[in-house]
Chemist: 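Got a structure for you, questions after.
Excluded from the calculations below are hydrogen atoms, water molecules and symmetry mates; all remaining heavy atoms, backbone and side chain alike, are included. Order of the sequence lines sets the chain letters (A, B, ...), proteins ahead of strands, with each chain counted from 1. Quick caveat, the model's predicted, so the values are computed rather than measured.
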Amino acid sequence: MKINNFNQRCLEKLHLIPKGMVSTYFELANSLNSKAFRAVGNAMANNPNPISAPCHRIVRSDGTLGGYSLGVKKKIKLLKEEGISIQNNKILNFKSKIFKFNSTS
DNA sequence: GGAATGACATTTA
DNA sequence: CTAAATGCCATTC
């Protein structure tokens, strides 16, 4: 098995997300200089370490939660604990809580 | 090497 | 606004 560059990359980025903030698959892939937001989701889905990586801070571009290996329910709870308000499986003030990575090369 | 899948995104009806 | 269809990228079978 070769090194999971993509997967590892995503996990590293997750660590950059400050508490109380969330990010989208799109932004995450964008930070990787890729448009593989699909592959990003796959990387999380395979989730080698769902504990070491705050994958619960990753949501869809629409502000919806999307999914979670441990269960969407858990994701909501975690985000709420982080200080993020969620309702109807959607993040409130999502635009204000979205976090963008350093796109500056 | 090829087909199939997915925690997605965007557009059109 | 909701639903359906299409496109995209990487990984897995």
Chemist: In whole angstroms, how far is the P atom of C:dC9 from the OH atom of A:Y25?
Modeler: 19 Å
Chemist: On the nucleotide B:dC8, are OP1 or OP2 found under 4.0 Å from the side-chain N or O atoms that A:T24 carries?
Modeler: no
Chemist: If you only use heavy atoms from C-beta on, which nucleotide in B:dA9, B:dA7, B:dG6 is closest to the side chain of A:R38?
Modeler: B:dG6
Chemist: Would you indicate whether the side-chain heavy atoms of A:R60 and A:T24 approach each other to under 4.5 Å?
Modeler: no
Chemist: Closest to the A:A39 side chain: C:dA10, B:dG6, B:dA7?
Modeler: C:dA10
Chemist: Choosing from B:dA9, C:dC9, B:dA7, which nucleotide comes nearest the side chain of A:D62?
Modeler: B:dA9
Chemist: With a 4.5 Å cut-off on side-chain heavy atoms, are A:V59 and A:Y25 touching?
Modeler: no
Chemist: Would you kindly give the CG-to-C1' distance between A:L11 and C:dA10, to the nearest whole Å?
Modeler: 14 Å
Chemist: Using the rule that Ile, Leu, Val, Met, Phe, Trp and Tyr join whenever any side-chain heavy atoms are under 4.5 Å apart, tell me whether A:L70 and A:I86 fall into a single cluster.
Modeler: no
Chemist: For A:S61 and B:dA9, is the shortest distance between a side-chain N/O and OP1 or OP2 below 4.0 Å?
Modeler: yes
Chemist: Rounded to whole Å, how long is the line connecting atom CG of A:N33 with atom P of C:dC9?
Modeler: 13 Å
Chemist: Hey, does A:R57 have a side-chain heavy atom less than 4.5 Å from the side chain of A:L14?
Modeler: no
Chemist: Write down the distance between CG (A:N7) and P (C:dA10), rounded to a whole number of angstrom.
Modeler: 13 Å
Chemist: Could you pick out which residue, A:K90 or A:F37, lies toward the 5' side of DNA chain C when each is mapped onto its nearest nucleotide?
Modeler: A:K90
Chemist: State the dot-bracket string of DNA chain B. Criteria: Watson-Crick or G-U wobble, both atom distances under 3.5 angstrom; notation: ( ) intrastrand, [ ] crossing earlier pairs, | interstrand, . unpaired.
Modeler: .|||||.||||||
Chemist: Rounded to the nearest angstrom, tell me the gap between atom CG in A:N30 and atom C1' in C:dC9.
Modeler: 14 Å
Chemist: Would you kindly give the CG-to-P distance between A:N46 and B:dT5, to the nearest whole Å?
Modeler: 15 Å
Chemist: Would you mind reading off the distance between A:R60 atom CZ and B:dT10 atom P, rounded to a whole angstrom?
Modeler: 10 Å
Chemist: Any side-chain heavy-atom pair from A:K13 and A:L32 closer than 4.5 angstrom?
Modeler: yes
Chemist: Taking the side chain of A:M44 as heavy atoms from C-beta outward, which of B:dA7, B:dG6, C:dG7 is closest to it?
Modeler: B:dA7
Chemist: Nearest whole Å is fine: how far is C:dC9 P from A:L32 CG?
Modeler: 14 Å
Chemist: Heavy-atom distance under 4.5 Å between the side chains of A:I58 and A:V40, does that happen here?
Modeler: no
Chemist: Would you say that A:N30 contacts A:F101 through its side chain, given a criterion of any heavy-atom pair below 4.5 Å between the two side chains?
Modeler: no
Chemist: Could you please name the option among C:dA10, B:dA9, B:dA7 that lies closest to any side-chain atom of A:F26?
Modeler: B:dA9
